[in-house]
Amino acid sequence: MSYYYSMKMKKYIQDFEVLRNERLSKDYYLLKLWCEEELPVIMPAQFAELKINDSPSTFLRRPISIHDVNYEKNTITLLIRIAGDGTAKLSEIRQGMILNMIYPLGNSFSLPLKDKVLLVGGGCGVAPMLYTARYFMQFGFDPTLLLGYRDKESVLRRGKFEKYGNVFYTTEDGSFGEKGNVLNHSLFSPEVFNFTKIYACGPEAMLKNLGKWAIEHGVDCEVSLENLMACGVGACLCCVQNTNEGHKCVCTEGPVFNVKDLIW
Amino acid sequence: MSYYYSMKMKKYIQDFEVLRNERLSKDYYLLKLWCEEELPVIMPAQFAELKINDSPSTFLRRPISIHDVNYEKNTITLLIRIAGDGTAKLSEIRQGMILNMIYPLGNSFSLPLKDKVLLVGGGCGVAPMLYTARYFMQFGFDPTLLLGYRDKESVLRRGKFEKYGNVFYTTEDGSFGEKGNVLNHSLFSPEVFNFTKIYACGPEAMLKNLGKWAIEHGVDCEVSLENLMACGVGACLCCVQNTNEGHKCVCTEGPVFNVKDLIW
Amino acid sequence: MVNLEINFNGLKLKNPVLTASGTFGYGTEFTDFIDLNRLGGFIVKGTTLNHREGNPYPRMAETPSGMLNAVGLQNKGVKVFCDKIYPEIKDYKTNILVNVSGSAIEDYVATAEMINTLDNIPGIELNISCPNVKEGGMAFGTSCVSAAEVVKEVRKVYKKHLMVKLSPNVTDIVSIAQTVEEHGADSVSLVNTFLGMAIDAKTRKPKLSTITGGLSGPAIKPIALRMVWQVSKAVKIPVCGLGGIMTAEDAIEFLLAGASSIQVGTANFVEPDATIKIIEGIKYYCRKYGVKDINELIGGLKS
Amino acid sequence: MVNLEINFNGLKLKNPVLTASGTFGYGTEFTDFIDLNRLGGFIVKGTTLNHREGNPYPRMAETPSGMLNAVGLQNKGVKVFCDKIYPEIKDYKTNILVNVSGSAIEDYVATAEMINTLDNIPGIELNISCPNVKEGGMAFGTSCVSAAEVVKEVRKVYKKHLMVKLSPNVTDIVSIAQTVEEHGADSVSLVNTFLGMAIDAKTRKPKLSTITGGLSGPAIKPIALRMVWQVSKAVKIPVCGLGGIMTAEDAIEFLLAGASSIQVGTANFVEPDATIKIIEGIKYYCRKYGVKDINELIGGLKS
Ligand SMILES: Cc1cc2nc3c(=O)[nH]c(=O)nc-3n(C[C@H](O)[C@H](O)[C@H](O)COP(=O)(O)OP(=O)(O)OC[C@H]3O[C@@H](n4cnc5c(N)ncnc54)[C@H](O)[C@@H]3O)c2cc1C
Ligand SMILES: Cc1cc2nc3c(=O)[nH]c(=O)nc-3n(C[C@H](O)[C@H](O)[C@H](O)COP(=O)(O)OP(=O)(O)OC[C@H]3O[C@@H](n4cnc5c(N)ncnc54)[C@H](O)[C@@H]3O)c2cc1C
Ligand SMILES: Cc1cc2nc3c(=O)[nH]c(=O)nc-3n(C[C@H](O)[C@H](O)[C@H](O)COP(=O)(O)O)c2cc1C
Ligand SMILES: Cc1cc2nc3c(=O)[nH]c(=O)nc-3n(C[C@H](O)[C@H](O)[C@H](O)COP(=O)(O)O)c2cc1C
Ligand code: FES
Ligand code: FES
C-alpha cells in the first residue's frame with residue numbers, strides 16, 4: 001500500500017502530568033499533558049493508548065487521537081468526548097494527576113502532494129484535525145477545514161482551529177454554519193469543489209458517505225478510522241478493518257486508510 | 001448466648017460526606033464523615049461496611065469499626081490502617097467526597113455490670129475502644145484503657161483516648177509506656193490486677209493469649225473479632241467463627257464474643 | 001405502563017428478578033434495605049436433609065471482579081427450616097423457592113418431600129451443582145446420567161415447580177439441560193459457581209480452608225451469559241439466568257440471551273438493595289426503548 | 001543471586017516467564033518496550049497450515065476484569081511464517097515456540113512437520129483449545145479421544161518439545177491432561193480462553209461478530225489456577241500455567257500451584273512491558289522471602 005504505511009516510529013510508554021483539564025461543552029473535555037522527557041516526533045492522525053486509572057469497569061487502555069503538540073513545552077493536548085466509563089474517568093482527571101500513555105501509535109495522514117486540501121471532521125472526529133492542519137501548514141499548505149457538529153453549542157475550539165486554516169461549519173440544526181451534515185455543505189457543490197484531496201475523521205456513516213462521494217468524483221480521500229482496540233500495537237488483531245488486501249490492523253496499518261482500499 | 005446478641009437494630013445504607021481525612025502516622029488515617037440524616041444509635045464495637053470507590057482491585061465492601069460518633073453534629077469517625085488496596089483507597093479519600101456505608105452492623109460489647117473494667121486495644125484494634133470508653137463513661141463507668149503499639153511513633157490519638165479513661169501503654173520496643181505486648185503490662189501482674197471484666201480488640205494472637213489468661217484467671221472477657229467478610233449482614237455465612245454452639249457469623253452474632261464461648 | 005409480569009412455566013412472577021441461593025439468607029437479612037414483596041421471588045439458602053456446619057473458616061477470598069466462597073452448605077437442616085424459618089417468611093407476597101442440596105439421592109428426595117408439604121413454597125431449586133461439598137453436589141450436575149437420576153427421583157415426590165440448577169463446570173451444559181428437561185424439570189437455572197482457587201503468595205497457603213471454592217460475581221458473567229444463550233435455544237422449559245448480574249443492563253442481557261427470569265447473587269453483598277435497583281432499571285430501560293412488555297425482550301437477541 | 005533458571009522438560013528457560021500465543025504477535029511488536037532476550041520464551045501467534053483471514057470485525061469486547069476475543073486465528077499460514085517471519089526473529093536469544101492450530105488432524109501434522117525443520121524453534125505449542133474457529137480447534141481439546149488422536153499423530157512427525165495447550169471448557173481437565181501425556185506430550189500449557197459472550201443491551205446485538213468468543217484476563221485467574229493445581233498433581237510432565245496473570249504475585253501463585261513456567265497474555269495489552277515487570281517482581285519476591293532458587297517455589301503450596 002502507500003508509502004506512509006511503512007513508517008516505523010519508535011513507541012514509548014510514558015507518564016504525563018496533567019497540566020489542565022478544561023470542560024469545553026457538555027460532553028467534551030480538553031486535557032493538556034506534560035512530559036518530563038522530550039517528545040518524539042508525532043505525525044497527524046497518530047494516537048495514544050491511555051491507561052485509565054481508578055476505573056473498576058475499565059480494564060483496557062483507551063485510544064485517543066493526538067489533538068495538538070507543543071514540542072517546546074513538551075505538552076500534548078487531547079480532546080475527549082465522554083462515550084462511556086473510560087472517557088468519563090478521563091474527564092474527571094485533575095491537574096497534577098499522572099496519565100500513562102503509549103504513543104505515538106498508528107500511521108498518519110500522508111503529506112499532500114499539492115495544494116488545495118480539505119480536512120473534514122465530524123463530532124469527536126475533529127480531534128486529530130487540529131494537529132493535522134497545523135502540520136500541513138508547517139509544510140507550506142493552506143488547508144481548508146470543514147467541521148460538522150450537532151448544533152452551535154457543540155462547536156469546539158473555534159479560535160484555535162481558525163488559526164490553522166480557513167474553517168467552514170455545518171450543524172445538524174443549522175444553528176451555526178450551514179445546515180445539515182458535512183456532505184450537504186456548499187463546498188461539495190460541483191461549482192465550488194476545487195480540492196485535490198480530502199482528509200477526514202468522524203462517525204463511520206459520515207466517512208462512508210464521504211468516501212463514496214470521493215470515489216464517485218475521483219477525488220483522493222484518506223480517512224482515519226476508530227475501531228475497537230485491545231492492544232494498540234498490532235499484537236492482538238482485534239481492531240481489523242476489511243480492505244482490498246484483507247484484514248488490516250487499524251492500530252498499526254491504520255488508523256488512516258485511503259478510501260479506495262477499504263471494503264466497507 | 002448472652003443478652004446483647006439478641007439486639008436487632010435497623011441497618012441503613014447511607015451516603016456520608018468526608019469532612020476531613022487526617023494522616024495520623026505512617027499507616028493510619030482518621031476519616032471524619034458527615035451524614036445529612038440523623039444518625040441511629042450506635043453501640044460500642046459495632047462497625048460499618050464501606051463501599052470502596054474507584055478501586056479496580058476492590059470488589060467487596062470493607063468492614064471498619066466505628067471509632068467515634070457525634071450525634072449532635074451527625075458525624076462518625078473512622079480510624080483506618082492501610083492493610084491493602086481497599087484501605088489504601090480509603091486513605092486517599094479527600095474532603096467533599098462521598099462514602100457509602102451500611103451500618104450499624106454487628107452486636108456490641110455488653111455494658112459492664114460493675115466497675116472496674118479494662119479495655120485493651122492492640123494496633124488497629126484500638127479503633128473501637130475510643131467509642132467504647134466514651135459509651136461506658138456515659139453510663140457512669142470509669143474505664144481503664146491499655147493500648148498496645150509497636151513503638152512510640154505508632155501511638156494514636158493520645159489526647160482523645162485520655163479524655164475517656166485512665167490510659168496505659170505498651171510498646172514492643174519500650175519506646176513508650178511499658179515494654180512488650182499488652183499481656184506483659186504490669187496491670188496484669190497478680191498484685192495489681194483488679195478488674196472485673198476485660199474488653200479487647202486487636203490481632204488474633206493477642207486476643208487468644210488474653211482470652212487464655214482471662215479464662216485461667218477467672219476474669220470475664222469479651223473480644224471483638226475481625227474475620228473476612230463478604231456481606232456484613234448475615235447473608236453469606238463467610239465470616240464464621242467456631243464457637244461452643246457451632247459456627248457463628250462474626251458480622252451479626254459478633255464481632256463481640258465472650259472468650260468462654262470461642263473455640264480457637 | 002410496562003408489563004414486567006412473567007409466567008415462568010406456571011410460576012407467576014411479578015417481575016423477572018429473583019435472588020440467588022446462598023446470597024440472600026432467608027430474605028429477612030435484607031428487610032432493612034428492601035421490601036421483599038417487590039421481588040419476583042427469592043430463593044433461600046441451600047437446605048439439606050440434616051444440619052450442616054459447613055466448611056471451616058476461611059471461606060471467602062476476593063478475586064478480580066468476583067469472589068470465591070467455600071461455605072459448604074451450612075444450614076440447620078430441612079426440619080428446622082420447616083418448623084422455625086418457614087413460618088417467619090411464608091407470608092411475603094412473592095415466590096419463595098427453597099434451594100435443595102444434598103450429597104445422596106435419598107437426601108434430596110427426603111428434603112424435597114418435606115418442602116412439598118409447605119403451602120407457600122411454590123417450588124424448589126434443585127442444586128446439583130454445589131462445588132463446595134466433598135461428597136457430591138456438583139458431581140450430580142456434571143454428568144448426564146447422575147443428573148437424570150436425581151431429577152427423576154425428586155420428580156416422583158415433588159409436585160410443584162421443579163427448577164434444576166446447573167453446574168457450569170462441564171464440557172457440554174446443553175446436554176445436561178436437555179437431560180433434566182427430559183426427566184421432568186419444570187425449568188433450569190444457570191449458572192452455579194465455577195470451581196476456582198486462590199493462593200496467598202506471601203504465606204504460600206491457599207486462601208480457602210478447602211483449597212478450592214466457587215467463583216461468582218461479574219468475572220463469570222460472560223461465560224454464564226453464553227451458557228444461558230446455548231441452553232435456552234436447546235430446551236423448551238424456561239431458563240432462569242444468573243452469574244455476575246450487578247445492574248439492570250446485565251439483567252437485560254440475560255433476558256435477551258434467552259432467560260425468562262434472572263437471579264441476583266453476589267451483587268446483594270455489595271449493594272443490599274441491588275434487586276430493587278435492578279427492577280427499577282429494567283422499568284427505565286423498557287420505557288426508554290419503548291418496550292411495552294418485558295416478555296418481548298426474552299430471547300430477543302438480534303443478529 | 002536468585003536462580004531463575006528452569007529445566008522445562010528439556011527446554012532451558014532463563015526464567016519461567018513466557019508470553020501467550022495471540023497476545024504477543026511475533027514478538028517484534030514489543031521490541032520498542034522490552035528486550036525480548038530477557039524472556040524465558042515467547043510463543044508466537046496461532047499458526048495454521050493455510051492463510052486465514054480470521055473472523056469479521058468486531059472481534060473484541062471488554063468485560064469485568066477481562067476481555068472476549070474472536071480473532072479466529074488470523075495468520076498468513078505456516079509457509080509465510082517459515083519464509084518471512086522466522087528469519088526475522090530466529091536470532092533472539094530466548095525460546096521461541098510456535099503455537100500450532102488447525103481444524104483437521106492432517107493440518108496440524110503438516111504444520112508441525114514444517115516447523116520441525118526450523119533450527120531455532122525448540123518447540124511447538126499444540127493448540128487444541130481455540131474456541132474461536134467453527135470447524136475444530138476447541139473440539140479437539142474437549143474430549144480425551146480426539147485429544148489423544150491429534151497428539152499421537154503430531155508426535156510422530158514432531159521431534160522437539162511438544163507442549164499441548166488445554167481447553168478449560170471441560171468437565172475434567174485432568175483426564176485430558178493425562179491422555180495427552182500418555183500420547184507423547186512433553187508438557188501441557190493451560191488454560192486457553194473460556195467460551196463467553198457479550199451483548200449490547202442498547203442495540204440488542206452480540207458484541208462479537210461470532211456471537212461467542214474467548215474470555216481472558218484476571219477474571220479467569222481463579223479457575224485457571226485451580227486447573228493448574230489439579231493437573232500438575234496428576235501428570236509427571238511439567239505444566240505451563242496461564243490465565244489472567246498480570247503481576248509477579250499472580251505468576252508466583254501459579255508456580256506455587258504447580259506450574260513450572262507461566263505465560264503472560266492479556267496483560268501485554270495493558271502493559272506492554274508486563275513481562276519484564278513480572279520477571280523483576282519475581283526476583284524481588286525471591287530476595288524478600290529468601291528463595292534462592294525459583295524451583296523451590298514450584299508446587300510449593302503449603303497446607
Ligand atoms: C484511533 C482512535 C482515535 C480516537 N480518538 C479519540 C479522541 O481523540 N477523542 C475521543 O474522545 N475519542 C477518541 N476515540 C474513541 C475512544 O477511543 C472511545 O470513545 C473510547 O475508547 C470509549 O471508551 P469508554 O470506556 O468511554 O466507553 P465504552 O464504555 O468502552 O464504550 C461506550 C460506547 O462506545 C463504543 N466504542 C468504544 N470504543 C469505540 C471505538 N474505538 N470505536 C467505536 N466505538 C467505540 C462502545 O461500543 C460503546 O457503545 C478514538 C478511537 C480510536 C480507535
Ligand atoms: C468487624 C471489623 C472491624 C474492623 N475495623 C477496622 C478498623 O476500624 N480500622 C481498620 O483499619 N481496619 C478494620 N478492620 C480490618 C479491615 O476490614 C481490613 O483491614 C480491610 O478489610 C482490608 O482490606 P484491604 O483491601 O485494604 O486489604 P486486602 O488486600 O483485602 O487484605 C490485605 C491483607 O489483610 C488481610 N485481611 C483483610 N481483611 C481482613 C480481615 N477482615 N481480617 C483479617 N485479615 C484481613 C488479607 O487476608 C490480606 O492478607 C475491621 C475488620 C472487621 C471484620
Ligand atoms: C456465599 C455464597 C453462597 C452460595 N450458596 C449457594 C447455595 O447454597 N446453593 C446454591 O445453589 N448456590 C449457592 N451459591 C451460588 C449462587 O446462588 C449463584 O449461583 C452464584 O453465586 C452465581 O451468581 P452471582 O455471580 O450473581 O453470585 C452461593 C454463592 C455464594 C457467593
Ligand atoms: C486476542 C487474543 C488472541 C489469542 N490467540 C490465541 C492463539 O492464536 N492461540 C492460542 O493458543 N491462544 C490464543 N489466545 C489465548 C491466550 O494465549 C491465553 O491462553 C488466554 O488469553 C489466557 O491467558 P491470559 O488471561 O493471560 O490472556 C488468544 C488470546 C487473546 C486475548
Ligand atoms: S488493537 Fe491490537 S492489533 Fe490493533
Ligand atoms: S459477612 Fe456475610 S454472613 Fe457475615
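Throughout, protein chains are lettered first and strands after them, A, B, ... in sequence-line order, and every chain is numbered starting at 1.
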Fill in: Residues which pass ring pair (Phe, Tyr, Trp, His ring centres under 6.0 Å) with A:Y149, listed by chain and number, not counting sequence neighbours
none
Discussion item. Can you tell me which portion of A:L237 sits under 4.5 Å from chain D's heavy atoms? Options are side chain, backbone, both or neither.
Written reply: both
Practice prompt. Could you pull out the closest heavy-atom pair between D:F269 and A:A230, with the gap in Å?
Written response: CB-O, 3.6 Å
Item to complete: Under 4.5 Å, counting heavy-atom pairs only, tell me which of D:P272, D:P64, D:G27, D:P58 racks up the most with chain A.
Response: D:P272
Discussion item. Testing the basics here: between A:A235 and D:F30, what is the closest heavy-atom pair and its distance to 0.1 Å?
Written reply: CB-CE1, 3.5 Å
Donor-acceptor pairs between chain A and chain D under 3.5 Å, which ones?
residue, atom, partner, partner atom, Å
A:K10, NZ, D:D32, O, 3.1
A:K11, N, D:D32, OD2, 2.8
A:K51, NZ, D:E271, OE2, 2.3
A:F59, N, D:E62, OE2, 2.8
A:L60, N, D:E62, OE2, 2.7
A:R61, NE, D:V270, O, 2.5
A:R61, NH2, D:V270, O, 3.2
A:R61, NH2, D:E271, OE1, 3.2
A:R62, NH1, D:E62, OE2, 3.2
A:R62, NH2, D:E62, OE1, 2.7
A:L228, N, D:Y57, OH, 2.7
A:L237, O, D:R59, NH1, 2.7
A:H247, N, D:E53, OE1, 2.6
A:H247, ND1, D:E53, O, 2.6
A:H247, ND1, D:E53, OE1, 3.3
A:H247, ND1, D:R59, NH2, 2.9

Discussion item. Looking at A:E36, I'd like to know if its CD atom is crowded, meaning that more than 12 non-hydrogen atoms belonging to other residues, nucleotides or ligands lie closer than 6.0 Å.
Written reply: no
Discussion item. Can you list everything that forms a side-chain hydrogen bond (donor to acceptor under 3.5 Å, both in side chains) with A:T77? Sequence neighbours excluded, please.
Written reply: none
Worksheet item: Quick one: of D:G66, D:G22, D:P218, D:G25, who has the most non-hydrogen atom pairs under 4.5 Å with chain A?
Response: D:G66
Fill in: Intermediate values then yes/no, side-chain contact (heavy atoms from CB on, under 4.5 Å), D:M67 and A:C238
CA-CA 11 Å; D:M67 63 176 279; A:C238 287; 4.1 Å; yes
Response to the item:
side chain to side chain contact (heavy atoms under 4.5 Å, CB included) filter on A:N209, not counting sequence neighbours, yields A:L183
Worksheet item: Using non-hydrogen atoms only, which part of D:F33 is less than 4.5 Å away from chain A: side chain, backbone, both, or neither?
Response: side chain
